[in-house]
Amino acid sequence: MKIGILAIQGDFEAHARVLEKLGVEYVYVRTPEDLQGVDGLILPGGESTTHMKMLAETGLDDAIRKMAANGGAFFGTCAGAIVLAREVKGPPQASLGLMDITVVRNAYGRQLASDVFLLPTKLSEAPLEMVFIRAPVIEAIDKNVEVLAERNGKPVLVQQGRMIAATFHPELTDDTKIHERFVKLVEKTAMSEASSQSRVASRK
Ligand code: GLN
């Protein structure tokens, strides 16, 4: 299995440090070629408008959509969650539209949305430290999206099949639980790809 980290802007190095801590190899993704053989892609925090602009300029937007159609796994944090969303409001902006969530970028005003909380999640008994920095708010989700954690009655950590989105920054704290969950998802994705490829091969 191969994990990629989108490395055009934002806190991609923080994600790399978490994967290093877990002993998981990764590649930085800056062009469509870098996505070759990547089974799971991390979309970091940063500035989602810049991310979308760079994705369009490099052709990575289409390459990522193709990867999603081929069963790739995705993990977006903060700006990355905005990029994954089907709809972005406050103000409206382009996104990749891979996850069935609607996010609002300026729900509380930029200042109020930055804070650190210890909140329960469905991932374990112990609460998780969550760092919010100019965080978007997930305003609506489809039925097929599972809520793994909430703050003030709004989802802050969600999963839809092989995609995870967090409106906070798990890459900025010591707790590696969410990254571990993503790595397991990518392993599963890679295994099912390998078995479908061998099924194709044995049919030939
Ligand atoms: N609000 C930022 C955006 O719209 C995201 C902030 C972050 O990633 N910390 O891109």
Side-chain angles (χ1 to χ4, degrees), residues 3-19 26 28-30 40-58 60-61 64-65 68 73-119 121 128-141 145 147-152 154-160 163-179 181-182:
I3 293 195
I5 304 175
L6 185 65
I8 42 183
Q9 187 269 338
D11 73 340
F12 54 89
E13 283 171 334
H15 280 284
R17 282 195 292 275
V18 180
L19 295 184
Y26 60 86
Y28 281 145
V29 172
R30 296 188 172 102
L41 182 67
I42 295 179
L43 299 112
E47 183 50 48
S48 57
T49 46
T50 307
H51 292 187
M52 282 310 299
K53 189 167 165 268
M54 301 293 288
L55 291 178
E57 275 174 22
T58 54
L60 264 170
D61 53 354
I64 290 174
R65 287 197 180 96
F74 296 89
F75 176 23
T77 61
C78 201
I82 297 174
V83 171
L84 286 177
R86 185 180 56 199
E87 190 183 0
V88 183
K89 295 184 180 171
Q93 80 183 40
S95 57
L96 291 176
L98 300 181
M99 278 185 97
D100 295 324
I101 60 176
T102 300
V103 301
V104 184
R105 289 183 64 206
N106 277 325
Y108 303 132
R110 299 225 147 203
Q111 295 308 313
L112 287 176
S114 299
D115 225 325
V116 183
F117 297 96
L118 205 56
L119 295 170
T121 73
L128 187 78
E129 187 183 1
M130 300 183 192
V131 177
F132 293 88
I133 305 171
R134 298 187 294 113
V137 170
I138 299 177
E139 187 190 62
I141 57 170
V145 178
V147 177
L148 298 174
E150 298 183 325
R151 172 186 155 204
N152 295 336
K154 301 277 190 201
V156 291
L157 177 64
V158 293
Q159 180 168 353
Q160 179 179 5
M163 291 181 273
I164 299 173
T167 60
F168 55 96
H169 291 274
E171 70 280 16
L172 297 183
T173 52
D174 291 335
D175 197 319
T176 54
K177 261 198 285 301
I178 306 178
H179 284 81
R181 187 180 179 97
F182 179 64

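In this chain, numbering begins with 1 at the start of the sequence shown. Values in this document were obtained by computation on a predicted structure and should not be read as measured data. Order of appearance sets the numbers: ligands from 1, and atoms from 1 within every ligand.
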Which of the numbered atoms in ligand 1 are under 4.0 angstrom from any heavy atom belonging to [X]?
| X | answer |
| --- | --- |
| Arg134 | 1 (N), 2 (C), 5 (C), 6 (C) |
| Ile82 | 3 (C), 4 (O), 10 (O) |
| Ser48 | 3 (C), 4 (O), 10 (O) |
| Ile133 | 6 (C), 7 (C), 9 (N) |
| Gly45 | 8 (O) |

request  = Go through the structure and list residues passing side chain to side chain contact (heavy atoms under 4.5 Å, CB included) with Pro91, not counting sequence neighbours.
outcome  =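 If we apply the side chain to side chain contact (heavy atoms under 4.5 Å, CB included) test to Pro91, skipping adjacent residues, the hits are Arg105, Asn106.
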request  = Decide whether an N or O pair under 3.5 Å exists between Arg105 and ligand 1.
outcome  =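 Yes, at least one N or O pair falls under 3.5 Å.
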query = Hey, is His169 one of the residues with a heavy atom under 4.0 angstrom from ligand 1?
reply =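 Per 4.0 Å heavy-atom rule, His169 contacts ligand 1.
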request  = Compute the minimum heavy-atom distance from Gly46 to ligand 1 and say whether it is under 4.0 Å.
outcome  =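 The answer is yes, since Gly46 has a heavy atom less than 4.0 Å from ligand 1.
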task = Answer yes when Lys53 and Glu47 have at least one side-chain N-carboxylate O distance shorter than 4.0 Å, and no when they do not.
result =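 A salt bridge is absent here (no side-chain N lies under 4.0 Å from a carboxylate O).
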Nearest-0.5 Å distance, CE of residue Met163 to CG of residue Asp100 =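 Met163 atom CE to Asp100 atom CG measures 7.5 Å (nearest 0.5 Å).
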His179 side chain to Glu171 side chain, donor-acceptor N/O pair below 3.5 angstrom =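 No - no donor-acceptor pair under 3.5 Å links their side chains.
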Side-chain donor or acceptor of Asn152 paired with backbone N/O of Lys154 under 3.5 Å =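 No: the side chain of Asn152 does not pair with the backbone of Lys154.
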message = Please enumerate all residues that pass ring pair (Phe, Tyr, Trp, His ring centres under 6.0 Å) together with Phe117, with sequence neighbours excluded.
response =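 For Phe117, the residues satisfying ring pair (Phe, Tyr, Trp, His ring centres under 6.0 Å) (neighbours in sequence not counted) are Phe132.
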